[in-house]
Amino acid sequence: MSIATEGPRDLGFILSELPGTLSRDVVIILSGSGKLDAGTVLGQIKAGAATAAAKAGGNTGNGTISAVTLLAGAKVGVYKLRFTAATTWNLVDPDGFEAGAGANGVANANDLAFTTTAGGTPFVAGDGFDITVAAGSGKYVPSPEALTAGKAGAEIATAILGYGVDATAADVEAVVVGNDAEVKKPMLIYEASVDNDTKRNAKLTQLRSVNIKAR
């Protein structure tokens with residue numbers, strides 16, 4: 001005799017929320033996310049690929065910058081790398097804040113990963129590169145423990161899936177709880193890399209930033 005099993009009940013994780021549907025939203029779950037149950041903790045893909053080009057007007061030096069990849073904390077917009085001397089530079093983020101300083105041959109580890117390399121003609125003060133971080137798709141996936149290629153931003157948990165969906169082969173619309181709610185901690189479901197209490201508690205802290213509290 002076979003025994004039927006039932007998955008998590010839709011919206012069964014909610015203890016309280018704002019009146020009506022004020023705590024809920026309709027989002028797109030990214031194709032390839034698989035079959036997801038209600039209560040899955042989600043993050044939004046906020047940043048896309050990064051590309052670098054010599055600053056407007058070009059450079060005196062003919063050195064290069066490697067391909068750029070995103071690190072945790074990367075912002076959408078244009079980063080400005082400007083040389084202060086032949087081998088050293090400063091990096092300013094899209095909001096105008098200092099994002100670090102570095103030198104040729106040393107990999108950068110703030111927001112973006114890249115390395116500048118000297119050429120036959122040295123850089124001079126004022127030379128530089130503009131690094132553009134494109135906006136992400138805005139779609140949602142189960143929130144991984146750390147930044148994942150192609151899913152930048154989703155490592156920050158911002159919502160909880162309200163109804164089970166199948167996003168195995170195509171994007172799907174889904175209802176999420178995205179703010180101002182109390183939820184049942186034991187009923188939350190996490191992406192496979194969020195595999196211990198420390199990582200799960202970090203996700204709960206992230207959810208607090210959108211006023212979702214686990215009880």
Side-chain angles (χ1 to χ4, degrees), residues 1-18 21-50 69-76 113 133-215:
M1 181 179 71
S2 62
I3 300 176
T5 58
E6 182 179 354
R9 182 167 58 87
D10 292 339
L11 297 172
F13 58 87
I14 294 178
L15 282 170
S16 68
E17 61 178 328
L18 290 175
T21 58
L22 291 176
S23 294
R24 304 181 196 180
D25 202 354
V26 177
V27 304
I28 301 297
I29 305 294
L30 181 68
S31 175
S33 296
K35 293 182 178 180
L36 304 178
D37 288 324
T40 299
V41 176
L42 305 173
Q44 186 181 27
I45 301 172
K46 294 186 176 181
T69 56
L70 305 185
L71 299 176
K75 299 178 180 179
V76 172
V133 178
S137 66
K139 298 174 183 178
Y140 285 71
V141 294
S143 182
E145 185 267 331
L147 186 146
T148 303
K151 299 178 181 179
E155 71 277 6
I156 305 299
T158 56
I160 302 172
L161 184 64
Y163 298 82
V165 298
D166 186 351
T168 301
D171 293 350
V172 295
E173 283 193 344
V175 174
V176 301
V177 174
N179 60 276
D180 297 288
E182 293 178 298
V183 299
K184 302 173 186 176
K185 182 177 178 181
M187 297 187 70
L188 300 183
I189 300 168
Y190 300 91
E191 196 265 352
S193 63
V194 185
D195 55 7
N196 61 46
D197 286 343
T198 298
K199 295 175 182 179
R200 292 176 191 126
N201 286 336
K203 292 298 170 190
L204 299 180
T205 298
Q206 292 164 4
L207 288 172
R208 284 245 174 183
S209 70
V210 290
N211 207 28
I212 296 175
K213 301 176 182 179
R215 304 298 191 192

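The analysis underlying the following values was restricted to heavy atoms, covering all of them including side chains, and did not include hydrogens, waters or symmetry mates. This chain uses plain numbering: 1 for the first residue, then up along the sequence.
- Not a single donor-acceptor pair under 3.5 Å links the side chain of Lys139 to the backbone N or O of Ile45.
- Annotation for Gly162 and Ala38: closest pair O-CB, 3.3 Å, computed over non-hydrogen atoms.
- Minimum heavy-atom separation, Lys184 to Ile14: CE-O, 3.9 Å.
- A distance of 12.0 Å separates NZ of Lys185 from CG of Leu207, quoted to the nearest 0.5 Å.
- Under the 4.5 Å side-chain criterion, counting only non-hydrogen atoms from C-beta, Val194 is not in contact with Ser143.
- In this structure, CD on Glu182 lies 11.0 Å from CD on Glu17, to the nearest 0.5 angstrom.
- Closest approach of Ile29 and Ala174 over heavy atoms only: CG1-CB, 3.6 Å.
- Across Val141 and Ser33, no two heavy atoms sit closer than the pair CG1-OG, 3.7 Å.
- You'll find the side chain of Asn179 reaches within 4.5 Å of the side chain of Leu18, heavy atoms only.
- The shortest distance between side-chain heavy atoms of Tyr140 and Leu161 does not fall below 4.5 Å.
- The residues Lys203 and Glu191 are annotated as not salt-bridged, no charged nitrogen and carboxylate oxygen being separated by less than 4.0 angstrom.
- Between Leu70 and Ala47, the shortest heavy-atom contact is CD1-CB, 3.8 Å.
- Residue Ile156 holds its CD1 atom at 12.0 Å from CD of Gln44, rounded to the nearest 0.5 Å.
- Judged by distance alone, the side chain of Glu155 and the main-chain N or O of Pro144 form no donor-acceptor pair under 3.5 Å.
- In this structure a side-chain-to-backbone donor-acceptor pair under 3.5 Å is missing from Ser209 to Thr205.
- Checked against Thr168 for a side-chain contact (heavy atoms from CB on, under 4.5 Å), the options Val172, Asp166, Val165 give a single hit: Asp166.
- Distance alone, capped at 3.5 Å, places no donor-acceptor pair between the Asp37 side chain and the Gly164 backbone.
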_Derivation of the side chain to side chain contact (heavy atoms under 4.5 Å, CB included) call for Ile160 and Val176_ = CA-CA 5 Å; Ile160 302 172; Val176 301; over 6 Å; no
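- Between Leu11 and Arg24 there is a side-chain heavy-atom pair separated by less than 4.5 Å.
- Side chain to side chain, Asn211 and Asp180 meet the donor-acceptor criterion of an N or O pair below 3.5 Å.
- Ser31 and Asp171 get closest at one heavy-atom pair: N-OD1, 2.7 Å.
- Residues Leu188 and Leu204 form a side-chain contact, since some pair of their non-hydrogen atoms from C-beta on lies under 4.5 Å apart.
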